2 protein chains.
Amino acid sequence: MDAATLVIPPPPVTPLRWEGDPLTGALLMLDQTRLPQAVVWLRHTGPDSVIEAIRRLAVRGAPAIGIAGAYALALAARQEAAQTAPVESFVGALEGHAARIAAARPTAVNLPAAVARHMRLVQGRRQSPAATAHALFEAARELERYEREACAAMGRFGAAWLWGRTRFLTHCNAGSLVTSGIGTALAPIYVLKASGQAVHVSADESRPLLQGLRLTAYELTEAGIPHQVLADGAAASLLRSGAIDAVITGADRICANGDVVNKIGTYGLALAAREHGVPFMVVAPLSTLDPHTACGADVPIEQRPEDQRAYLDARALPASLPAYAPAFDATPAALIRCFVSEAGVIEHPDKKRLKVWLRAAARFR
Amino acid sequence: MDAATLVIPPPPVTPLRWEGDPLTGALLMLDQTRLPQAVVWLRHTGPDSVIEAIRRLAVRGAPAIGIAGAYALALAARQEAAQTAPVESFVGALEGHAARIAAARPTAVNLPAAVARHMRLVQGRRQSPAATAHALFEAARELERYEREACAAMGRFGAAWLWGRTRFLTHCNAGSLVTSGIGTALAPIYVLKASGQAVHVSADESRPLLQGLRLTAYELTEAGIPHQVLADGAAASLLRSGAIDAVITGADRICANGDVVNKIGTYGLALAAREHGVPFMVVAPLSTLDPHTACGADVPIEQRPEDQRAYLDARALPASLPAYAPAFDATPAALIRCFVSEAGVIEHPDKKRLKVWLRAAARFR
């Protein structure tokens, strides 16, 4: 199957959207904590509410967080530019905003990287605050466009590699809800379907926050793709039954040696896939690659109060309940059959094979 | 550590208890679907409510279901004996009850086995219905006593094998709540603690029905044992971190080749334990062994409406949501470091090593 002949469908959902012109418009954001029960759009006109939304997972997924952070920086510049202050204090204030935005989530590299990259566009230049705000807005819009095209490319490359396989298992949500396009892990599946192939998706519910049950099932329903959910612990038995042709996940960060940091549960899933000879594909844009992190053990893993609360809610008890609740785990490169990015496919990834991509990823730092 | 010198503590919870004399008494049963929010005792004076309680998982776990079934049979005989009918129609009616009791749950072998065994005590004998009812009551009481002593023996053998290890990971609930004693998987941990060793338990929450979160955490709190819960998908990462000295589970059925049928999620957990060299111990009474099932692939796996509903509840959507929701999975014998039963310990189990236990298990058929 030639990747160029595959069909790219429109995204089933678009979680981030700029409304209006740069000077008076706002960032619209789908509140993913409310899905699927309610479709609620947040309207951001300043950086603080975006930071809060990133923190409480209203927007989630490495590419979408990066885009949201870029728009937050543009909103911060617009807000500061509206004050009548000298340029020096404008830049100082903006740097303060940038630091707060970059620190809103610790695991994904996209967010601090996008903020630092966009700040370099304006630092050391003697331009008016208004011009800076406009440049940051254009940079955010360009990032949004880039990630959309990256999704299409990942969809094409992934679908070409998967062609002929029809039954997929995925973990967490790495679809259009985490990007400005057709997603990462789900992109190849959307492309396969749009190109005429039958597809079926099994979605791990992904405890504790149930992104698979709440978000992937929602998104697949919007896309008209037949699917079923399962408890994370049932994946090994499903793989053993021979009902899955490939496992596909996204990534929050890919380390220099190919280790993949992704939603808690990915590592155990990869072990089970290897046991049953089912290929494990990781789909993520180059911006997810982190040349500065040698391996998975070096990544700080978030321990979030939301995850702790999820256990208490499920038990419906007010008492405290000690929980081991890491948000992510690290999957060794050796368990991964192939990486897909907008640059193509790398099979059996290791440090050497990743070298070209790591160089390409430097443009996102 | 000599198993004989270990201390057996009282069970932290006793989920089944006969109250009163055989003729007028009742079976008290802790409703485990209400735990931990409410401690509700059901009072059974006839077989039908016991069957319903078994079906809706108010009582659960292979040994406890067997005991409940045995008492249900005694209650059925008492109920029929109270009618003024000829002995032949009494036996026929009792056989009808026995068939319904045995069919209340399909996976655990204990329930149909206990019912069939106790029916053989009365079939073909010309004794009065009242004498039959009394014999079945005594048989149920004897089974309850046997399982309690079996728990103590499993606790001793398991604790002796584990001595020196302090950090355990378990799946689902296989504690005092599933037996008439100190449990199966948790029995060695209770014995270690009572014998003066520090212990800490990590409990998989065990989706979809959250037995770990609801029941194991409840039971460990009652027992005063420090513990934490985790999402099933986090177990692989916890094992990788080196924080676990042994994984211990119960079993719903052990096949002739040593394959273990247990709560969904056990298989993936066993794969992760092997990957990290953490011993996987299965603790179950001999009554759980099934010489007539060659291997795990031969066991009918329940697909229960409760499990399906658990997904809908979590998503809080009334719509239908297709789910892959097997209640159990099968773990190959090759992944199990040792079996513990009331007969002792078998390391690296296989068909040959299990032969003596399989012969001993015949007495439960």
Side-chain angles (χ1 to χ4, degrees), chain A residues 35-37 171-172 202 204-210 213-214 217-218 221 226-241 243 263-272 274-275 297 301 307 310-317 319 321-326 328-332, chain B residues 35-37 171-172 202 204-210 213-214 217-218 221 226-241 243 263-272 274-275 297 301 307 310-317 319 321-326 328-332:
Chain A
L35 288 176
Q37 291 90 338
H171 188 72
C172 194
S202 295
D204 273 1
E205 60 171 359
S206 312
R207 284 284 290 164
L209 295 185
L210 297 167
L213 190 62
R214 294 190 300 108
Y218 169 78
T221 303
H227 59 278
Q228 66 181 2
V229 296
L230 63 149
D232 305 341
S237 130
L238 184 63
L239 285 161
R240 192 185 194 185
S241 76
K263 181 59 54 205
I264 186 73
T266 303
Y267 172 47
L269 181 60
L271 287 174
R274 180 187 62 184
E275 180 74 9
I301 300 291
D307 297 315
Y311 294 98
L312 293 179
D313 291 350
R315 202 167 82 145
L317 262 194
L321 179 67
Y324 170 71
F328 302 94
D329 60 24
T331 299
Chain B
L35 287 177
Q37 291 89 340
H171 188 72
C172 194
S202 295
D204 273 0
E205 60 172 359
S206 312
R207 283 283 290 165
L209 295 186
L210 296 168
L213 189 61
R214 292 190 301 108
Y218 169 78
T221 302
H227 59 280
Q228 65 180 3
V229 296
L230 61 149
D232 304 342
S237 129
L238 184 63
L239 286 160
R240 191 186 195 185
S241 76
K263 180 60 54 206
I264 188 72
T266 303
Y267 173 47
L269 181 60
L271 288 174
R274 181 188 60 184
E275 180 74 10
I301 300 291
D307 297 314
Y311 294 98
L312 294 179
D313 291 350
R315 202 166 81 145
L317 261 193
L321 178 68
Y324 170 71
F328 302 94
D329 60 23
T331 298

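Residue numbering restarts at 1 for every chain, and letters A, B, ... go by the order of the sequence lines. Small disclaimer: the values here were computed from a predicted structure and weren't measured.
In this structure, chain B has heavy atoms under 4.5 Å from both the backbone and the side chain of A:Ala330.
In this structure, B:Glu275 and A:Glu275 have side chains that are not in contact, with every pair of non-hydrogen atoms separated by 4.5 Å or more. Here the side chains of B:Tyr324 and A:Ser237 are in contact, with some heavy-atom distance below 4.5 Å. Contact check for A:Arg207 versus B:Pro208: no side-chain heavy atoms found under the 4.5 Å cut-off.
Looking at every heavy atom in both residues, A:Gly233 comes nearest to B:Asp329 through O-OD2, 4.2 Å. The two residues A:Pro322 and B:His227 come nearest to each other via the heavy atoms CG-O, 3.1 Å.
Taking chain A as the reference chain and counting heavy-atom pairs below 4.5 Å, the highest number among B:Leu271, B:Leu35, B:Leu238 is found for B:Leu238.
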